[in-house]
Amino acid sequence: MADYTLDRIREDREDNCFFVEYREGMSFEAADELQKLQYNNRHLERGYKHTQTSLRIAAIGLVLTAGISILDLAFDFVISFMSWVFSFIH
């Protein structure tokens, strides 16, 4: 029975909800506080990634909008230039 318990303690549990690596002299309160900090940090990192993705999407949208505006101005310029040229021909 003791070997089974030791094997369960030694297995990698980093991805589990309640795992804090034992440090000599650590109290349960300190381990609980570390667990809360790790949990909050995981959620902050996930939120940070979502914020970065949202900002990238917004930046792409701004670049596309600016590009479309520039193309629209260029098209208007070409149309007005061509009408000016045709006015001399006719």
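- Here Val85 pairs with Phe81, Ile89 under the side chain to side chain contact (heavy atoms under 4.5 Å, CB included) rule; sequence neighbours left out.
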Could you tabulate the donor-acceptor pairs under 3.5 Å formed by side-chain atoms of residues 56-66, not counting sequence neighbours?
unit_1	atom_1	unit_2	atom_2	d
Thr65	OG1	Gly61	O	2.8

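- Grouping Ile, Leu, Val, Met, Phe, Trp and Tyr by side-chain contacts under 4.5 Å, direct or through others, puts Ile79 with Phe75.
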